[in-house]
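Okay, structure first, notes after.
Both backbone and side-chain heavy atoms feed into the values below; hydrogens, waters and symmetry mates do not. Lettering follows sequence order; numbering is per chain, from 1.
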Number of protein chains: 2
Amino acid sequence: MQLSPTAYVILGMLSFGPKSGYEIKGLVDKSTRFFWAASYGQIYPELKRLSEAGLANATDSPQGERRRTVYELTDEGRDALHVWLAEPPQVFEMRNEGMLKLFFAGELDPPEQVRMVRALGAQHAAKLGALREIEPHAAEVPDSFPYLVLRYGIAFNEGAVEWCEREADRLESRLATAGSR
Amino acid sequence: MQLSPTAYVILGMLSFGPKSGYEIKGLVDKSTRFFWAASYGQIYPELKRLSEAGLANATDSPQGERRRTVYELTDEGRDALHVWLAEPPQVFEMRNEGMLKLFFAGELDPPEQVRMVRALGAQHAAKLGALREIEPHAAEVPDSFPYLVLRYGIAFNEGAVEWCEREADRLESRLATAGSR
DNA sequence: ATTCTCATGTAATTGGTTACATGATTGC
DNA sequence: GCAATCATGTAACCAATTACATGAGAAT
């Protein structure tokens, strides 16, 4: 039985302890979503499939009248997770509209080109801000992999912000010299 | 009429001059695919839509008996491209299985954790290799935006490779100290 | 009262890939 | 003669998002 990376996100979250679909969604939204998002439309059906496949166990644990199903990883589920973790990563996809616009920026006049590079920088700065908001929370477990991954995201976005500023400045100065020639 | 970013990839490619669907696909595959891919299944129907919308003009230009349709940007098409370029970028999505595995790497034992960080580094090194192969070709137009974007990709992947090596080394040394304690 | 959070799920739609089908031209 | 490249297109399929539907409990 072939599982999608999204199924492994769920197994991985369950490896931290038993959780409801709602809790998994919440965790994904403040962690993996930056490199692997998941919606309710995936999570709930996938949880059902995983429990049918014997990789997770479903237990009803209502809070008062509010129904709630908590899933926990079975031994087979943990094995499946370990096997997947040890395999070389396959998927790496990106949809970066800012890069795409920059690629075609030669179509615009120079001042607008500079604005575009700064807009890309602003995009990265916004992401950086979002990551830094999570940081104090993640730093509570300093040697953990979630924290390692967060630091990678921060480093990358810092680099990108600097790169955009540098390139925008370069374009701007080139523009100034061209104007005075 | 709302166009998708993929439609703008096509308009953008046509801004470099008239092209067939086949040529557009070839260009995408050695440039934008790293941050915005497109398949024949998208390109051909989209070209038809763009020409129906008056943003591109279709001209039959067979080579012998081999049929061929070349599209060129209309003035409206160029305007639409410029409007889109000036708008702030929206989409930024990533599916990075390597990061995802790293996030859950705490499940494995330390030597395997080190292997995983190195595997992520290898993924970035492979991408870096692919980009460097394109570089001499792109460097022919040194001040162009396609070349700027390529350099961004190279810088990012170089940074990622170094980061992975550094973190793998750190993990390894931590592992050694823990073992002798 | 009302809004927010907790909680689960499905249906419709979108965006995109892959496979399939067809055929001409070029280079070995 | 055969493989690679040029060239166009559709159909089936897949992954994922969004909107919708429902309802309890907690906080303001």
Fill in the blank from the handout: Going 5' to 3' through nucleotides 10-20 of chain C and flagging B where a protein heavy-atom sits under 4.0 Å of the base, S where only the sugar-phosphate is that close, and - otherwise, we get B-----SBB--

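What separates CD of A:Gln63 from P of C:dT8 is a distance of 10 Å, to the nearest Å. In this structure, CD1 of A:Ile43 is placed 9 Å from P of D:dT17, rounded to the nearest angstrom. Counting to the nearest Å, the C1' atom of C:dT26 and the CD atom of B:Glu65 are 16 Å from each other. Taking atom CD of B:Glu93 as the reference point, atom C1' of D:dT18 lies 13 Å away to the nearest angstrom. Atom CZ in A:Arg66 sits about 7 Å away from atom P in D:dG25, given to the nearest Å. Atom-to-atom, CD of A:Gln2 to P of D:dC13 comes out at 18 Å; the value is rounded to the nearest Å. We find that CZ of B:Arg67 is positioned 4 Å from C1' of D:dT8, with the value rounded to whole Å. For A:Asp29 and D:dT18, the CG to P distance is 11 Å, given to the nearest whole Å.
Between the A:Thr74 side chain and the A:Leu55 main chain, a donor and an acceptor come within less than 3.5 Å of each other. Looking only at distances, no side-chain donor or acceptor of A:Glu46 sits under 3.5 Å from a matching main-chain atom of A:Ala7.
Under the 4.0 Å criterion applied to side-chain N and carboxylate O atoms, A:Glu167 and A:Arg174 are not assigned as salt-bridge partners. Using a cutoff of 4.0 Å between basic side-chain nitrogens and carboxylate oxygens, A:Arg118 and A:Asp169 are scored as salt-bridged. No salt bridge links A:Arg49 with A:Glu52; every basic N to acidic carboxylate O contact stays at or beyond 4.0 Å. Checked for salt-bridge contact, B:Glu107 and A:Arg78 meet the test: a charged N lies under 4.0 Å from a carboxylate O. Here B:Glu93 does not pair with A:Arg33 in a salt bridge; the nearest charged N to carboxylate O distance is not below 4.0 Å.
Applying the ring-ring contact (aromatic ring centres under 6.0 Å, His included) definition to pairs two or more places apart or across chains, those involving residues 1-21 of chain A are A:Tyr8-A:Trp84, A:Phe16-B:Phe104.
Distance CE/A:Met94 to CZ/A:Phe92: 4.5 Å, rounded to 0.5 Å.
Using a 4.0 Å cutoff on non-hydrogen atoms, the parts of residues 12-26 of chain B near DNA chain D are B:Ser20, B:Gly21, B:Tyr22, ordered by number.
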